Amino acid sequence: MTDFATTGDLGSQGSLATRRDQMFPTLSAGQLARLQRYGKRRAIRAGEILAEPGDRGLPMWVVLSGSIEVIQVGIARETTVVTHKAGGFTGEMSTLRGISALMRMRVGSDGEVLEIDENCLRTIVQTDAELGELFLRAFILRRVGLIESHAGDVILLGSSHSADTLRLQQFLTRNTFPFLYLDIHEDADARALQERFTLKVSDLPVVLCRGVVALKNPSNEEVAACLGMNPAVDDLRVRDLIVVGAGPAGLAAAVYGASEGLDVLVLETGTPGGQAGSSSKIENYLGFPTGISGLALAGRALVQAQKFGAEIRTASPAMRLRCEGRPYAIDLPSGAQVKSRCIVLAGGVEYRRLDLESAARFLGVGIYYGATATEAKRCRGDEVVVVGGGNSAGQAAVFLAGTSSVVHMCVRSQGLAASMSSYLIRRIQETPNIKLRVNTQITAFEGTDELERVTLTTSPSGATETLPIRHVFLMTGAVPSTHWLSGCVALNDKSFILTGPDVPTQSLDPALWSAGRRPEFFETSLPGIFAVGDVRCGSVKRVAGAVGEGSACIQQVHLVLGMKAMPAPRSVSIFP
Ligand SMILES: Cc1cc2nc3c(=O)[nH]c(=O)nc-3n(C[C@H](O)[C@H](O)[C@H](O)COP(=O)(O)OP(=O)(O)OC[C@H]3O[C@@H](n4cnc5c(N)ncnc54)[C@H](O)[C@@H]3O)c2cc1C
């Protein structure tokens, strides 16, 4: 049983108001009896602190008698979020991941709890269908509740005119991390905090981490470290599988790999979800007839991978592949290395940066490479430009048309038919505030600190028009993320990874490949290294294609793991 406090009651807010019972269910006598063998009983005493924000590897406490208060520790005061009584249980998504806790947990009244550690909790989630679903649903809803009510211990102090503020907003949002955003131009509280922490405007954006550490314009890696977003990494353990990239392909590989018993580590440069995570609505992914946002899809996949025990590290780029020996190794930014018998390369693609010098200057302050709610807020009511004729540009135009006054959609070609799905073309035609401008490109960006004007040039006439536009969304061609592979695997002329039948025989070092063995369909020119999704030459550049490839390649990973290890290479042959 669980009591809601009058303040900070997550259950009464937003879309969660109707889901209290699922968020804070009371376990039945039968369910409690089933849990007994997974935990140990211990007494609790009123006032005892069970956990502080930032503590890692916490168990789940199931209340048998007495009560536990869950408390948000603010800068000025404590707020009781919820009180768990007999039959209630603590925990949210961080409990399952073994990463830092967000709340203080204090015993409200004397009693007894069943303490269930992370491994046993994962066993329950994987093996007991009823309790697994009950816990996962409660954990997800609790996390959503924390996000909706900004009930964390993280404050982002920034400015809507700053590129780094946008980067940090994107990073925290896409990592499903609850935070409170205070804008220095709009919130009196922001100015009060600025004075209290003696922060200069040039220090912004600032992340106040647990009310004490003020990180001035931190990198994503610094924020991840401060907030304990990642489990402590065990660099010495040789994994069965390292997956590089947590887009749809990498997350699918993690789910299938971990669910089939492999020891899986996922490295992700930014945030889980990849390109799909920046999509406002994916409508062609099987099973979601009304569409699903990329963020929601990525969030679900992340939970699924963690449920099966995959370890996921965000803000943790693979810097360099070391393929001169086996097991293979990957350098991390800290200088540490992680090692694995097999690797799945799922680094996807990045948008090609526009080849205009000024484009880099306005990145995040008028030029954006993704159109989600975070960016849309910045241009509410304004005219915007979307550049590109593919599905991602089409989606962005339709999405932004909902909040912007006019969306100018600029394409270099004569129309959209050759590059965009017909459902999106129809939607664009039916949206009165989208203006399609064919044969048109941007030839200049202007502004002082932020973008203020763009010049459009139409071919073949060469006619130009300068518009007072402050927001441009660039969704033009993409380049594969293969720069870090240090020549280890064979690539095509556009730097996409060759796999299976596409790998030329000359790229296969006979010292590494036993007689007659050719790469499996998703295997690269190096045995045990696979490539899936958008980064793979010949893949269908779609969410479903990426998920299919990530899932299917695991069967080939098993096959290779079952083979006798080949000797380390004398030299590595790369290109044909
Ligand atoms: C805005 C937008 C809308 C879209 N809408 C649709 C749609 O509606 N339907 C559809 O089917 N498709 C859509 N797509 C395409 C779809 O999202 C992609 O095909 C799909 O995401 C590819 O998945 P992936 O996992 O192969 O690569 P990505 O999604 O590109 O993910 C790769 C991940 O790897 C990470 N990474 C790269 N290098 C490294 C490294 N060295 N170390 C660690 N991590 C690394 C990246 O940060 C990224 O998170 C859309 C794309 C965009 C951009």
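All values reported here derive from a predicted model rather than from experimental measurement. Counting starts at 1 for both ligands and their atoms, following the listed order.
- Side-chain contact, Ser279 with Lys281: no donor N or O sits under 3.5 Å from an acceptor N or O.
- Every atom of ligand 1 is numbered from 1 in the order shown, and the set under 4.0 Å from a heavy atom of Arg542 is 10 (C), 11 (O), 12 (N), 19 (O).
- In this structure, atom 46 (C) of ligand 1 lies nearest to the protein heavy atom Glu268 OE2, 3.5 Å.
- In terms of protein heavy atoms, atom 15 (C) of ligand 1 is closest to Lys541 O, 4.1 Å.
- For Tyr256, the OH atom is loosely surrounded, since the number of other residues' heavy atoms within 6.0 Å does not exceed 12.
- The nearest heavy-atom contact from the protein to atom 41 (N) of ligand 1 is Ala318 O, 3.1 Å.
- When hydrogens are left out, the protein atom nearest atom 34 (O) of ligand 1 is Gly245 CA, 3.1 Å; that is the closest non-hydrogen contact.
- Of all atoms in ligand 1, listed by their number and element, those nearer than 4.0 Å to a heavy atom of Ala546 are 22 (C), 23 (O), 26 (O).
- The residue Ser539 has no part lying near ligand 1, judged by heavy-atom distances below 4.0 Å.
- Asn217 and Arg167 share a side-chain donor-acceptor pair at under 3.5 Å.
- Considering backbone and side-chain atoms together, Ser392 places no N or O closer than 3.5 Å to any N or O of ligand 1.
- Each of the atoms 43 (C), 44 (N) of ligand 1 lies under 4.0 Å from some heavy atom of Leu267.
- One finds a salt bridge joining Arg427 and Glu283 here, because a Lys/Arg side-chain nitrogen approaches an Asp/Glu carboxylate oxygen to under 4.0 Å.
- Some N or O of Thr269 is nearer than 3.5 Å to an N or O of ligand 1, by distance alone.
- Looking at Gln170 and Glu375, their side chains do bring a donor and an acceptor atom within 3.5 Å of each other.
- When Ala315, Gly394, Pro333, Gly348 are checked for heavy-atom proximity to atom 27 (O) of ligand 1, Gly348 turns out nearest.
- Under a 4.0 angstrom heavy-atom cut-off, Asn391 registers as lying outside contact with ligand 1.
- Residue Ser278 has no nitrogen or oxygen atom sitting less than 3.5 Å from a nitrogen or oxygen atom of ligand 1, judged on distance alone.
- Among protein heavy atoms, the minimum distance from atom 6 (C) of ligand 1 is reached at Gln395 NE2, 3.5 Å.
- Of the N and O atoms on the side chains of Thr443 and Gln441, not one donor lies less than 3.5 Å from an acceptor on the other residue.
- Of all protein heavy atoms, the one closest to atom 29 (O) of ligand 1 is Gln275 N, 2.8 Å.
- Here the side chains of Gln275 and Ser392 are not in contact, with every heavy-atom distance at 4.5 Å or above.
- Tested against Val411 for a side-chain contact (heavy atoms from CB on, under 4.5 Å), the candidates Val438, Val387, Thr476 yield a single pass: Val438.
- With respect to atom 16 (C) of ligand 1, the closest heavy atom belonging to the protein is Val543 CG2, 3.7 Å.
- In this model, no donor atom of one side chain and acceptor atom of the other lie less than 3.5 Å apart for Ser159 and Ser162.
- Remark: Arg143 is positioned above the aromatic ring of Phe177, its terminal NZ or CZ atom under 6.0 angstrom from the ring centre and at most 45 degrees off the axis.
- Taking every heavy atom of Val244 and a limit of under 4.0 angstrom, the matching atoms of ligand 1 come to 40 (C), 42 (N), 43 (C).
- The heavy atom nearest to atom 22 (C) of ligand 1, out of those in Ile282, Thr271, Asp534, is found in Asp534.
- Of the options Ser481, Pro480, Ser279, Gly250, the smallest heavy-atom separation from atom 38 (N) of ligand 1 is shown by Ser481.
- Ligand 1 has no nitrogen or oxygen under 3.5 angstrom from a nitrogen or oxygen of Val535.
- Close contacts between ligand 1 and Gly533 involve ligand atoms 26 (O) [criterion: under 4.0 Å to a heavy atom].
- Heavy-atom proximity to Trp484, at under 4.0 Å, picks out these atoms of ligand 1: 41 (N).
- Counting non-hydrogen atoms of neighbouring residues, nucleotides and ligands closer than 6.0 angstrom, the CD atom of Glu430 exceeds 12 such neighbours.
- Nearest protein heavy-atom neighbour of atom 53 (C) of ligand 1: Tyr351 OH, 3.1 Å.
- At least one N or O atom of Pro248, backbone or side chain, sits closer than 3.5 Å to an N or O atom of ligand 1.
- Within 6.0 Å of the CZ atom in Arg453, the count of heavy atoms belonging to other residues, nucleotides or ligands exceeds 12.
- Put simply, the side chain of Val503 reaches to within 4.5 Å of the side chain of Arg518, judged on heavy atoms.
- Close approach of ligand 1 to Gly247 is summarised as follows: ligand atoms under 4.0 Å from at least one heavy atom of the residue are 25 (O), 31 (O), 33 (C).
- The pair Asp263-Arg237 meets the salt-bridge criterion, with a side-chain N (NZ, NE, NH1 or NH2) lying under 4.0 Å from an Asp/Glu carboxylate O.
- Residue contact check: Asn284 has heavy atoms under 4.0 Å from atoms 7 (C), 8 (O), 9 (N), 10 (C), 11 (O) of ligand 1.
- Taking 4.5 Å as the limit, some side-chain heavy atom of Ser278 sits within range of a side-chain heavy atom of Arg174.
- Heavy atoms of other residues, nucleotides or ligands lying less than 6.0 angstrom from CD of Gln555 number 12 at most.
- Of the N or O atoms in Pro317, none lie within a sub-3.5 Å distance of an N or O in ligand 1.
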